[in-house]
Asks: 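Encoded as structure tokens, here's the structure I'll be asking about.
Residue numbering restarts at 1 for every chain, and letters A, B, ... go by the order of the sequence lines. What you see is a predicted model, and the numbers here were worked out from it, not measured in a lab.
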2 protein chains.
Amino acid sequence: MAVTTAGPDPEDLTARARIRDAALLHFGEHGFERATIRGIAETAGVSSGLVRHHFGSKQALREACDAHLVKVVRRLNDQVRADPAPGDINYVAASRTALGPYQRYLARALAEGSAATLFDEMVQMTEQWLAEADTRRPDPPDVDRKDRAAVFTAMALSITVLHQHISRAMGVEVFSPQGDLPLARALIDVYSHPMLSLEDASVIRAALDKTQDASPRTDPHTDTGATLR
Amino acid sequence: MAVTTAGPDPEDLTARARIRDAALLHFGEHGFERATIRGIAETAGVSSGLVRHHFGSKQALREACDAHLVKVVRRLNDQVRADPAPGDINYVAASRTALGPYQRYLARALAEGSAATLFDEMVQMTEQWLAEADTRRPDPPDVDRKDRAAVFTAMALSITVLHQHISRAMGVEVFSPQGDLPLARALIDVYSHPMLSLEDASVIRAALDKTQDASPRTDPHTDTGATLR
DNA sequence: TAGGAAGCTACACGCGTGTGTAGCCACTGT
DNA sequence: ACAGTGGCTACACACGCGTGTAGCTTCCTA
């Protein structure tokens, strides 16, 4: 069953690591602004001054969290790519697996705009996966792969970012043993059924391009030039 | 082209409405916590005391913003459903059109957890659209429609919520005249190509169900019971 | 063994903030 | 004409917060 959240780094258990983990928790639970250094310090079992001593500022602490998350995800990805496990469906889905306690922080960080390099990294992974998937595709893609990768990545992450809303709508906490299966089934169904047929798609694409040519009006607010956005 | 952001309500122009609009702006730009009542008041051209007079508290102001956004989206949806315009591809895409200045607030609100009723409303819209789309579907869906609607909605909204990351990855601000077309093309491509073939999907689904039966271990953190989540 | 850096704490400062209070102005209905 | 209500302002308060500073302890090193 492949990837599990790796245990603490050998270098961990140190106060610095405990603070970082506590910060991950608090930032994820309350958001960056509402989380307090004092609260983080208490969870870590240290004084608030030590937080400053190790990280300098609250912002720097956040960046350390982001960096750590990048490291975790990168390791996770390497693990998956090295693993010849046949069960892994795709990199997007795999990259969301076993993040465990980091889920909430990841969601917050993405929404609040930090975690930029993490997103970019994920796009790159998706791109690699797409490169492979494109070979099995009937029609040749005429859209830049990176663009598609970005959209795919965002969609995959939407489950994490909006998990509380999805949970509410589905009537079960999706990131729990009870909600896991329903979510997986829904995802499989969605992933295996395109919203648009290839014919519809080409029709729309044609209309889109024509619109672009015909109407060079570009009022940034009222109409952005495309019916489908 | 079809739906445009409706002009100010007749009852608007009032100070209360100006405050609400300013709040939408500030909350969207800086987030709820960082936004200040004084800043909102200044943008609205009123004193900070008036904000309190009209809305009572910052939290209540936020709720008023959410309520207003729900009203806007609901009106937008009615407009789309009433309109016999043939250009509208689907409700999910349509519901994201022409939200203009509300985009940023919507993104923040969803991520921060308010805007719950708005999300639920959108799920309902998507559900209606799915009900129709299901009739044109080859295989009968064996997943609850509401579950699929929730996932669909989240994915559609991911563009809004993560727009800054997508913009960075694509190298162009997606919610601008320049970025509009590239995003539309990427979306069409993604929407018209399933990530999973029907065969793969059924294989995974079978494996998933078997896993569920065979291994009733439900450690909430290490392994959540499914390879694909 | 002496020196010093690093880990760590306690405490205080100052600022920005949401909120509370008192009161003015304008308009309306009688 | 006049009370009264609601829109609106100015000002002050109290509190929580990030940050700064001084100093203690522990352990490595020369």
Asks: So Ala41(B), base contact, sugar-phosphate only, or nothing? Heavy-atom distance under 4.0 Å.
Replies: nothing
Asks: State whether His54(A) places a side-chain N or O below 4.0 Å from either non-bridging phosphate oxygen (OP1 or OP2) of dA6(C).
Replies: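 Answer is no, no contact under 4.0 Å.
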Asks: Answer yes or no: is there an ion pair linking Arg185(A) with Asp147(B), defined by an N-O contact shorter than 4.0 Å?
Replies: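 No salt bridge links Arg185(A) with Asp147(B).
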Asks: Could a donor-acceptor pair under 3.5 angstrom be found where the side chain of Arg16(B) meets the base of dG7(D)?
Replies: no
Asks: At under 4.0 Å between heavy atoms, what does Ala35(B) touch on the DNA or RNA strands: base, sugar-phosphate, or nothing?
Replies: sugar-phosphate
Asks: Rounded to whole angstroms, how far apart are CZ on Arg52(B) and P on dA12(D)?
Replies: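 Whole-Å distance recorded here is 18 Å.
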Asks: Between dG18(C), dT9(C), dT19(D), which one does the side chain of Ser47(A) approach most closely?
Replies: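 Nearest to the side-chain atoms of Ser47(A), counting from C-beta on, is dT9(C).
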Asks: Which nucleotide sits closest to the side chain of Lys58(A): dG18(D), dC8(D), dG20(D)?
Replies: dG18(D)
Asks: Do we see a donor-acceptor contact under 3.5 Å between the side chains of Glu63(B) and Gln59(B)?
Replies: yes
Asks: For Glu112(A) and Ser114(A), does a side-chain donor sit closer than 3.5 Å to a side-chain acceptor?
Replies: no
Asks: Send over the distance from Ile37(A) CD1 to dC13(C) P, rounded to a whole Å.
Replies: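 Atom-to-atom, Ile37(A) to dC13(C), this comes out as 19 Å.
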Asks: Can you tell if the side chain of Tyr105(B) reaches within under 4.5 Å of the side chain of Leu25(B), non-hydrogen atoms only?
Replies: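 No, every pair of side-chain atoms sits at 4.5 Å or beyond.
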Asks: Does a side-chain N or O of His53(B) approach OP1 or OP2 of dG7(D) to a distance below 4.0 Å, or not?
Replies: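 Yes, such a contact exists.
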Asks: Are Ile40(B) and Val46(B) side-chain neighbours, meaning at least one heavy-atom pair lies under 4.5 Å?
Replies: no
Asks: Find the distance Glu42(B):CD to dT9(D):P and express it as a whole number of Å.
Replies: 13 Å
Asks: Nearest whole angstrom, please: distance from the C1' of dG16(D) to the CD of Glu33(B).
Replies: 13 Å
Asks: Write down the distance between CZ (Arg18(B)) and P (dG7(D)), rounded to a whole number of angstrom.
Replies: 13 Å
Asks: Reading DNA chain D from 5' onward, which residue's closest nucleotide shows up sooner: Arg38(B) or Leu50(B)?
Replies: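 Looking at DNA chain D, the more 5' nearest nucleotide goes with Leu50(B).
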Asks: Please give, in whole Å, the distance from dT19(D) C1' to Gln59(A) CD?
Replies: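 It is 15 Å, rounded to the nearest whole Å.
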Asks: Measure the distance from NE2 on His26(A) to C1' on dG18(D) and round it to the nearest whole Å.
Replies: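 So the NE2-C1' distance, His26(A) to dG18(D), works out to 16 Å.
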Asks: Base, sugar-phosphate or nothing for Ser48(B)? Non-hydrogen atoms, less than 4.0 Å.
Replies: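 Contact class for Ser48(B): none.
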Asks: Among dG18(D), dG18(C), dT9(C), which nucleotide sits nearest the side chain of Thr36(A)?
Replies: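 Output: dG18(D).
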Asks: What is the distance, to the nearest angstrom, from the CZ atom on Arg34(A) to the C1' atom on dC17(D)?
Replies: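 These atoms are roughly 13 Å apart.
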